[in-house]
Amino acid sequence: TSISIGTVHDTNCSHPSCWWREYVAGLKLISCNSIHFLSLPPSEVDSQQNMSLEHSSINIILFGVLAKDYSESVSQGDMLLVTGFSVGNSPTAQKDKLHACNLQLAGDDAWMYVSTLKVVKYTYVPLSDLKPGVVVNVYAVVTFFKQPFRTKGTDYCSTLKITDQSNQKVGCTIFCDKLEEHPKIFKMGDIIRLHRVKTQLFNGAISLLTSHGFSVVTFDGMVGSPVVPRTSSESFKFGEEDCQVVEALRTWAANQSLVPAQPCVPLSAVQPKTYFDLTCQLLAKAPVDSSCTLLKVWDGSKCPHPLLDVFVEPNTLEGCPTLSKDMANLTANVLVYDNHVEVARQFKPGSYLRIYNLHAVPGASRLPSNDSGQSDQTGHLGFHLHGGTSYGRGLRVLPEDSPDILDLKKILETFSESDINDSSMFEVWSTPPESFGVPLQSASYSDTCCMCIGVERTCDHTVEQVSLAEVKSRSPPQVFHVQVQLKSYQPQRLYQSLKLFCHKCKTIRDVPDDVTVEGLFSEAQKDVGPCNNGYWTLVLPLPREPPSESPSQTLTLLMSSQLMGNGKAQELIFLMGATLEETCRIASAYSNIVPVTSPQGTMTPLDLSAPFLFRGTKRYYGCKQCSQLKVGESLGEGVEVWDEKSVADALGVQLLQYGLLMKLELQDGTGFLEALLWRDAESFFHVSAEDAAADQEAQDRVQETMDRLCPPGSSTAERPWMDLCLSAYTVEENGQRRACYQICHTGTRVGSLHTP
DNA sequence: GGTTAGGCTTAG
């Protein structure tokens, strides 16, 4: 019942020692801004009086598991929240002149929350005042930049030129082995804040170089746009003064001509033989050879020059370019060479890109063309991102919320395609059944065979009923009403009908089975370690069974310091180092559990093949292609209710929706027809697919319905007749068009008991 | 703790 908050000054026992068969560690807490003893015995109330400002530093002693684990979780400057401690006399009070008492954390009631938010004041030096050989902090406008490129050493290098109100132009070289720690610069005119850069004299001029503890934050440079810091670092400090500095730099830069004529050009304005920057969406990519990768992109604008088509083997192509975009001269083929291949390899189709210094090259590609050379492609525009980094040549992914991308998205949305990408639906059917696996138990036949079932249309069409033979003779698109029996259906194992669907890229994937998910969890445990972001860490020494299983690892709960400030910390809990089973157990007690890992010390959700969120018995998945993970400090600003949608939003996850997909073979005496049940599957069965993923009762309902429509062992004559509404449409696959059918606006109704 | 690069077009 006692709580103490303060900043760690010194971890004077940085390696916990094993003392008297128990781990012990000490740390010194300064600027103890609030120590509250909520229910101390009267004899100790005096200590509370003494806890005034002159004694604002106090020693904390940790025992046991906390002592063993804290050294991985606490460092100087961290903020701590400590609960459940006891107060003892400090034997070192004479010597260290700290508080006469110390706080002792031992046993199950003692908890320590660690926040790595540092409280440090920074001063910024104008670029004209830089002297050689010192470490400084600066704020500036970027006038030239190269995306990070591999050096001959161990790091990546970013080369920048920056300037500020002093009008001094300074070169800046950033070395860092982690790409995500490089400045996120999207265009010239962006604002940059550099901490701990070293000045150096080179060729008679001052330049800046990364030094120890280097960090960087960047901002959009447009006057009036929101001041949003761009960084992967979760421990950066950013306040009102920073906003003012950014705005002042923006206003100043707007009146200078620092940035050359707009290098960003849409495809509709590209001139042959020129270099330009392109902002676009990646449709598909394919490796060409070891030094070349093909990117198929579009920006929604129509190029006045015919665009070169580059044909690659379909099995090497990742993503789905559409023929319609090709036909409409919307797809640009970009050949990426040499050093840029490594960067392009990371891109996922659907993501938004900016390509710097792209070369528009008229003329045929050296690659074999799509139409076996029948039509001449000379003069068609191809695009080359040549090797090297001259003129800032390079490419990167842009976050979906950046202003330029919001504009691009609006344009691309006007080209919105059909509700579902049908070719991906057919790919799912060819998936081998072994890879399916959410247990969906079968209801026993004897329970259900005595029920009759009606299948009725719920649409208000007044379309006349036709035979299947007639359906097949007419060309889509069209709606039909038919009276049919079920001949067969797939999948026979109904749990295989459960799918995950992405509204954004329109792809369908299977729900992974527990063995797969378990594997992903244990894989993630390998990366578990201390992580350095703005979260409170609660190291929880949960007993593991058997205890020897993973003795070196602790289960770590992390909570957002921001949510904790709002008293909502328990509503969203990040869990590190847990097995699938432990996660499920903990999820039954909390509303939202996000399993995380910490490769390179940054807390991040698991591989998106695994569920990113557990809510009670329900599991939620994200789209690998469309998610742009972020686990920022400003978590869920303005979120009222934490549900799967707001959690997904806060984490940058594109939430996948559960769906049911089945293929029914229908018959009516005039013929047979395969129809999919997908869009209206939930109303057909009167279950939600999400429930069917987690709830036995919902699973039973699906099984019962199918058992009634197609009783096991029954002859076709015994099966009920169904009144269905069918929608016919065309699907294009590898240039071939064919008719497809979906059951829609139809629901089942279970009748009363009667003897069969 | 030290190294890398230090803008200024590929040539497909």
Side-chain angles (χ1 to χ4, degrees), chain A residues 130 132-133 135 140-163 169-179 181-183 185 187-190 192 194 196-214 258-261 263 265 271-278 286-295 308 310-312 333-342 344 355-369 377-378 380-395:
Chain A
L130 296 177
V135 173
V141 182
V142 177
T143 59
F144 173 81
F145 65 99
K146 288 182 176 187
Q147 294 301 335
F149 56 94
R150 225 186 244 295
T151 64
K152 288 178 186 140
T154 56
D155 294 341
Y156 288 91
C157 175
S158 293
T159 302
L160 322 177
K161 185 129 267 170
I162 59 175
T163 189
K169 293 201 168 46
V170 175
C172 184
T173 306
I174 288 160
F175 291 114
C176 197
D177 60 346
K178 295 188 184 93
L179 275 174
E181 287 171 18
H182 278 259
I185 304 170
K187 57 162 82 157
M188 294 180 204
D190 281 354
I192 190 166
L194 294 155
R196 288 166 291 259
V197 279
K198 196 165 55 190
T199 54
Q200 201 184 50
L201 212 49
F202 177 73
N203 283 346
I206 289 281
S207 63
L208 293 169
L209 199 66
T210 40
S211 80
H212 258 98
F214 157 81
L258 299 173
V259 176
V265 171
Q271 292 300 315
K273 298 184 185 173
T274 57
Y275 291 89
F276 67 107
D277 293 355
L278 178 66
V288 173
D289 58 44
S290 64
S291 68
C292 181
T293 288
L294 170 69
L295 304 180
L308 185 76
V310 179
F311 177 75
V312 290
N333 285 278
V334 177
L335 290 163
V336 163
Y337 291 100
D338 304 338
N339 51 317
H340 310 299
V341 168
E342 178 195 341
I355 308 177
Y356 303 91
N357 197 240
L358 189 58
H359 194 186
V361 182
S365 154
R366 68 186 168 96
L367 296 160
S369 85
Q377 286 208 59
T378 27
H380 289 215
L381 268 194
F383 299 92
H384 295 242
L385 186 69
H386 297 297
T389 61
S390 305
Y391 280 81
R393 191 179 304 134
L395 72 179

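At whole-Å resolution of the value, NZ in A/K169 and C1' in B/dG7 are 14 Å apart. Atom CG in A/N357 sits roughly 10 Å away from atom P in B/dT10 (whole-Å rounding). Between the CG atom of A/L209 and the P atom of B/dG7 there is a distance of 13 Å, given to the nearest Å. Between A/N333 atom CG and B/dG12 atom P there is a gap of 18 Å when expressed in whole angstrom units. The distance from atom NZ of A/K198 to atom C1' of B/dG2 is 9 Å, rounded to the nearest whole Å. The distance from atom CD of A/Q200 to atom C1' of B/dT3 is 12 Å, rounded to the nearest whole Å. In this entry the distance linking NE2 of A/H386 with P of B/dC8 reads 16 Å, nearest Å. Note: CZ (A/F383) to C1' (B/dT9) measures 17 Å, nearest angstrom.
Closest to the side chain of A/K152, from the set B/dG6, B/dT10, B/dA5, is B/dA5. Nearest nucleotide to the A/K146 side chain, out of B/dT4, B/dG7, B/dG12: B/dG7. The side chain of A/T173 approaches B/dG6 more closely than any other nucleotide in the set B/dG7, B/dG6, B/dT3. Nearest nucleotide to the side chain of A/R393, out of B/dT9, B/dG12, B/dT4: B/dT9. Counting only heavy atoms from C-beta on, A/D338 has its side chain closest to B/dG12 among B/dA5, B/dG12, B/dC8.
Between A/K161 and the phosphate of B/dG6, there is no side-chain N or O to OP1/OP2 separation shorter than 4.0 Å.
A/H212 comes within 4.0 angstrom of nothing in the nucleic acid, heavy atoms only. Among the protein residues, A/L385 comes within range of no part of the nucleic acid, since none of its heavy atoms lies under 4.0 Å from any strand. Counting non-hydrogen atoms under 4.0 angstrom, A/G387 reaches a base of the nucleic acid. If you check every strand for non-hydrogen atoms under 4.0 Å, A/N203 touches nothing.
With hydrogens and angles ignored, a donor-acceptor pair closer than 3.5 Å exists between the side chain of A/T154 and the base of B/dT3.
With DNA chain B read from its 5' end, the first of the two nearest nucleotides for A/H384 and A/F144 is the one closest to A/F144.
A/T293 places no side-chain N or O within 3.5 Å of a backbone atom of A/V336 that could act as its donor or acceptor partner. Side chain of A/T199 to main chain of A/G133: a donor-acceptor pair is present (N/O by atom type, distance under 3.5 Å, no hydrogens or angles).
Stacking between A/F175 and the base of B/dT3 is absent under the criterion of ring centres within 5.5 Å and planes under 30 degrees. We find that the ring of A/Y391 and the base of B/dG7 do not stack by the test of centres under 5.5 angstrom and planes tilted less than 30°.
Taking atom P on both B/dT10 and B/dG6, the two are 14 Å apart, rounded to the nearest angstrom.
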